[in-house]
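In what follows, a single structure is set out as C-alpha cells and then discussed.
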Amino acid sequence: MASCKIVEQEGLWLDVCTGGELHTALQAGFPTERLIVHGNNKSDEEITESLKARAALIVVDSLQELEVLNGLANDMGCRAEVMLRLSPGVEVDTHTHIRLGHVDTKFGLSLANGLAMEGVKQALALPNLNLRGVHCHIGSQILELRPFRETVGLMVEFMAQVKTETGRELEDLNLGGGLGSHYLSEEPPPSVNKYAEAITDVLRAALIHHGLKEVRLFQEPGRSLVAEAGTTLYTVGVIKDIPGVRKYVSVDGGLSDNPRPALYEAKYEAIVANKANLPAAEKVTIAGKHCETDLLIQDIDLPPLEPGDILAVQTTGAYNYSMASNYNRLPRPAVVLASGGQAEVIVERETLSDLVRADRIPPHLKDTRATG
Ligand SMILES: Cc1ncc(COP(=O)(O)O)c(C=O)c1O
C-alpha cells in the first residue's frame, strides 16, 4: 500500500489488473479518478467493483468483455469509460514470456485480423460504454526504441482508420509500458528522455500526417520506474566448492522471492554489502535454498565469501516481491523503504504463523494417531 501512496504523491495514475490490486489501491485511499483497470479475464465481481469505485478507465481486452461490461454498467445505471486493448503485431526482442504485442497472444484484439476494428464498432454501438481510446502493451524489458516507434505509427494509423470508418475521433492513446531497466552493466536501456522523445516525435508526425487532433497520451512504465529502486539482501549460508567444477554459494532465499531467473533466464549483478570495497577475488554461483537447482546468479566475480556475509542483489524492485511465493514454506521477506538516510518497514516480514494461518485440518484427519 505504501507504493500506492508514493504513486499518488508523485501525481501519477495507477494501473490495477486484478480485484486484489484494486482492493490494495482502494485500501491505500488511492484517488480512483486516476485508476485504470486492466486484465484479460476480469470476473463480473472485478468489473462491478471497478464500476462501483468509479475507476477512471477500464481497458477492455475482448469482444466478450465489451458485452459483459455493457450489461453490468446497465445493471448499475452507469456508463463505463473504456479503452480497447489492441495487439499491434510488433515484434520485440525480449523473452518470449514477456513479448505481448503480436497476433498469437491472449491479450487484446489484433489489428491484423480485423478484430480491433470490430471491437471499436461494437464498443461505439453499446449504450453503456463510452469508448475513449485505444491501448496496447507490446512487451516488457525492451532495450531498443524501434518497436515503440513502430507501435505509435501503427496505433495512430488505426485511429485514423477508425475516424474514416466510424466518423469518431478517439481522444486517448495508451501505449502501455515496456521500457527496459538496467540489470547488467553492459546492457543499458535507453534513457527516459530518449524514450519520451522517440514516442512524441513519431506521435506528432503521425497525427499531423493523418490529420488527427492531439491525443491524451498515456504510458504505463512499471519496471523502469521501480526496478532499479529495489535491492534484495540475502545472508550467505553454505559454501560448497566442487574442485574443478564450480563454487556454489547458497543464500537464504531464491526461487520464492525471485522467480525471474527460472521464468525468464533473467540475469542479475550483486555486491557483497559488508565487503563492498574489496576487489573481486573469485568466481562463484549464487544458489537459493529451494528444492530445485534454483540458481540466482551464475558465474559472478565477488570478493572472498564467508557464511554470514550480506549479498545485495541489485535491480529487484520490479516483478520480485510481487511475484514472490511461499514455495517450500519460506516466509516472504520484509520490504523496507530507504530514503534520505531513513529506513521504514512497508511490508512486514512474514512469520511461521502466517504460513499456516489459512490451513484447515478436517475433523476426520485430526485424530489419525488415536485411530492408528
Ligand atoms: C497492460 C500493462 N501495462 C503496463 C505494464 C508494465 O510493463 P513494464 O513493467 O514492462 O513497463 C504491464 C506489465 O505486465 C502491462 O501488462
Side-chain angles (χ1 to χ4, degrees), residues 93-98 140-144 179-191 222-325 327-328 330-336 338 343 349:
D93 181 19
T94 190
H95 194 277
T96 47
H97 294 185
I98 46 176
S140 201
Q141 187 54 17
I142 300 169
L143 296 175
E144 42 171 3
L179 178 62
S181 289
H182 205 169
Y183 288 88
L184 302 178
S185 322
E186 69 272 16
E187 283 183 8
S191 70
R223 185 193 304 273
S224 60
L225 280 180
V226 294
E228 287 166 49
T231 297
T232 305
L233 300 180
Y234 298 97
T235 302
V236 170
V238 168
I239 300 176
K240 189 178 286 177
D241 196 358
I242 308 176
V245 179
R246 84 180 48 244
K247 191 170 191 176
Y248 283 100
V249 172
S250 292
V251 296
D252 57 345
L255 191 52
S256 56
D257 61 78
N258 188 356
R260 294 187 68 255
L263 266 180
Y264 314 133
E265 296 160 3
K267 308 254 182 312
Y268 288 90
E269 288 178 354
I271 57 171
V272 184
N274 53 311
K275 295 177 178 169
N277 293 330
L278 296 187
E282 55 183 355
K283 200 178 276 308
V284 296
T285 285
I286 309 296
K289 62 181 278 142
H290 290 276
C291 291
E292 357 314 87
T293 309
D294 189 17
L295 300 181
L296 278 173
I297 308 179
Q298 295 193 49
D299 297 330
I300 178 170
D301 294 316
L302 290 174
L305 284 160
E306 301 153 282
D309 281 341
I310 303 297
L311 185 78
V313 177
Q314 291 153 306
T315 323
T316 59
Y319 306 107
N320 276 235
Y321 190 84
S322 54
M323 283 188 166
S325 74
Y327 178 47
N328 287 146
L330 251 69
R332 288 183 186 81
V335 181
V336 177
R349 182 187 302 285

Parallel, tilted or perpendicular: rings of His290 and Tyr327 (30°, 60°):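 Correct class here is parallel.
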Could you tell me whether a side-chain N or O of [X] sits under 3.5 Å from a main-chain N or O of [Y], the two making a donor and an acceptor?
| X | Y | value |
| --- | --- | --- |
| Gln141 | Ser181 | yes |
| Asp309 | Val236 | no |
| Asn328 | Cys291 | yes |
| Asp257 | Gly254 | yes |
| Asn320 | Gly317 | no |
| Thr231 | Ala312 | no |
| Asn274 | Ile310 | yes |
| Glu282 | Leu305 | yes |

Identified side chain to side chain contact (heavy atoms under 4.5 Å, CB included) counterpart of Thr235 within the set Asp252, Val251, Leu311: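 Exactly one option meets the side chain to side chain contact (heavy atoms under 4.5 Å, CB included) with Thr235, and it is Asp252.
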Partner of Leu302 under side chain to side chain contact (heavy atoms under 4.5 Å, CB included), chosen from Ile297, Ile286, Leu278, Val249: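 The option that passes is Ile286.
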Thr285: which of Arg246, Lys247, Gln298 passes side chain to side chain donor-acceptor pair (under 3.5 Å):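 That would be Arg246.
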Just verifying a value: how many Å separate [X] [atom1] and [Y] [atom2], rounded to the nearest 0.5 Å?
| X | Y | atom1 | atom2 | result |
| --- | --- | --- | --- | --- |
| Asn258 | Tyr319 | CG | OH | 13.5 Å |
| Gln314 | Tyr183 | CD | OH | 12.5 Å |
| Lys289 | Asp294 | NZ | CG | 10.5 Å |
| Glu265 | Leu295 | CD | CG | 12.0 Å |
| Thr316 | Tyr234 | OG1 | OH | 7.0 Å |
| Lys267 | Thr315 | NZ | OG1 | 14.5 Å |

Quick check: closest heavy atoms across [X] and [Y], and the distance to 0.1 Å?
| X | Y | result |
| --- | --- | --- |
| Thr293 | Ala287 | O-CB, 4.4 Å |
| Ser224 | Gly180 | CB-O, 4.0 Å |
| Pro190 | Leu143 | CD-O, 3.3 Å |
| Pro333 | Tyr321 | O-CE1, 3.5 Å |

Over 12 non-hydrogen atoms of neighbours within 6.0 angstrom of NZ in Lys275: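 Result for NZ/Lys275: enclosed.
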Exceeds 12 heavy-atom contacts within 6.0 angstrom, atom CG of Asp301: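 Yes, enclosed.
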Intermediate values then yes/no, side chain to side chain contact (heavy atoms under 4.5 Å, CB included), Glu269 and His182: CA-CA 10 Å; Glu269 288 178 354; His182 205 169; over 6 Å; no
